[in-house]
Amino acid sequence: MEKVKTCKKCGKRFRLIPMELKFYKRFGYPEPVNCPNCREKRRKVMRNPHQFFKRPCDQCGKDIITTHDPKKGRIVFCEDCFAKYYDRVDPLEADRAPDTSGKVVKV
Ligand SMILES: [Zn+2]
Ligand SMILES: [Zn+2]
């Protein structure tokens with residue numbers, strides 16, 4: 001089923017087609033909150049946004065799937081560690097805060 005959402009950035013309405021929704025669900029990513037235009041702008045800032053990497057969680061070492069290239073040296077936690085981390089640390093004050101949580105690879 002198609003979804004119509006309102007962009008959090010520019011307020012425009014945009015559609016999410018079933019194929020897209022499936023994709024986000026499959027990789028455990030949240031549905032986008034920005035319209036394709038705003039996402040395109042962000043994409044120019046971030047490199048390889050649609051590339052997925054398998055890498056260990058920087059906290060517990062479990063294999064996770066993330067969009068962050070391990071070579072770039074960003075800290076990425078699995079969902080569990082991410083949640084625990086932000087239970088303890090104020091994200092605004094954490095300078096070594098993980099960029100995002102990755103999805104744990106289901107075996
Ligand atoms: Zn927008
Ligand atoms: Zn972890």
Side-chain angles (χ1 to χ4, degrees):
M1 260 227 294
E2 196 173 90
K3 263 193 190 175
V4 178
K5 300 192 105 180
T6 305
C7 175
K8 281 239 165 85
K9 204 158 190 183
C10 69
K12 267 190 205 143
R13 280 151 78 78
F14 64 99
R15 255 174 240 273
L16 286 173
I17 56 167
M19 213 179 82
E20 256 183 293
L21 291 168
K22 236 188 200 168
F23 173 86
Y24 293 120
K25 215 173 171 186
R26 172 144 179 245
F27 286 101
Y29 282 90
E31 288 167 18
V33 292
N34 296 131
C35 70
N37 264 347
C38 292
R39 271 183 275 155
E40 184 60 42
K41 274 181 209 157
R42 265 192 89 204
R43 204 167 289 158
K44 279 173 187 156
V45 181
M46 300 161 60
R47 275 187 302 143
N48 301 330
H50 283 310
Q51 213 172 326
F52 292 92
F53 301 93
K54 195 178 165 199
R55 58 173 291 179
C57 165
D58 282 309
Q59 181 75 8
C60 69
K62 258 191 281 188
D63 270 344
I64 53 174
I65 295 283
T66 171
T67 50
H68 293 275
D69 187 341
K71 288 190 207 99
K72 274 192 261 174
R74 309 232 59 153
I75 300 162
V76 180
F77 287 0
C78 72
E79 285 172 323
D80 280 355
C81 295
F82 191 74
K84 271 181 225 155
Y85 186 86
Y86 280 126
D87 268 356
R88 287 181 287 122
V89 183
D90 183 343
L92 294 173
E93 284 175 21
D95 58 336
R96 214 183 160 252
D99 225 36
T100 184
S101 66
K103 189 79 187 161
V104 177
V105 183
K106 299 240 159 56
V107 188

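Whatever order the structure lists them in is the order used to number ligands and atoms, beginning at 1. Keep in mind that what you see is a predicted model, and the values were worked out from it rather than measured. What you see below is based on every heavy atom in this structure, not just the backbone, and it leaves out hydrogens, waters and symmetry mates.
Excluding waters, the protein N/O/S atoms found under 2.8 Å from the Zn ion (ligand 2) are C57 SG, C60 SG, C78 SG, C81 SG. The Zn ion (ligand 1) has C7 SG, C10 SG, C35 SG, C38 SG as its protein N, O or S neighbours under 2.8 Å.
Using a distance-only test at 3.5 Å, with no hydrogens or angles considered, no donor-acceptor pair links the side chain of D58 to the main chain of F77.
In this structure the side chain of V76 never reaches within 4.5 angstrom of the side chain of F53, judged on heavy atoms. Annotation: side chain of F14 is in contact with side chain of R39 (closest heavy-atom distance under 4.5 Å). Considering only heavy atoms from C-beta on, T6 stays 4.5 Å or farther from K12 through its side chain.
Closest of all the heavy-atom pairs between G61 and P56 is O-CB, 3.5 Å.
Side-chain contacts under 4.5 Å among hydrophobic residues (ILVMFWY), followed directly or transitively, place M19 together with I17.
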request  = In sequence, state the C-alpha distance, the side-chain angles, and the governing distance for T66 and F52, and then conclude on side-chain contact (heavy atoms from CB on, under 4.5 Å).
outcome  = CA-CA 6 Å; T66 171; F52 292 92; over 6 Å; no
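Distance SG/C78 to NZ/K62: 4.5 Å, rounded to 0.5 Å.
Residue pairs that meet the salt bridge (charged side-chain N to carboxylate O under 4.0 Å, His left out) test with at least one member in residues 21-33, sequence neighbours left out, are K3-E31, K5-E31.
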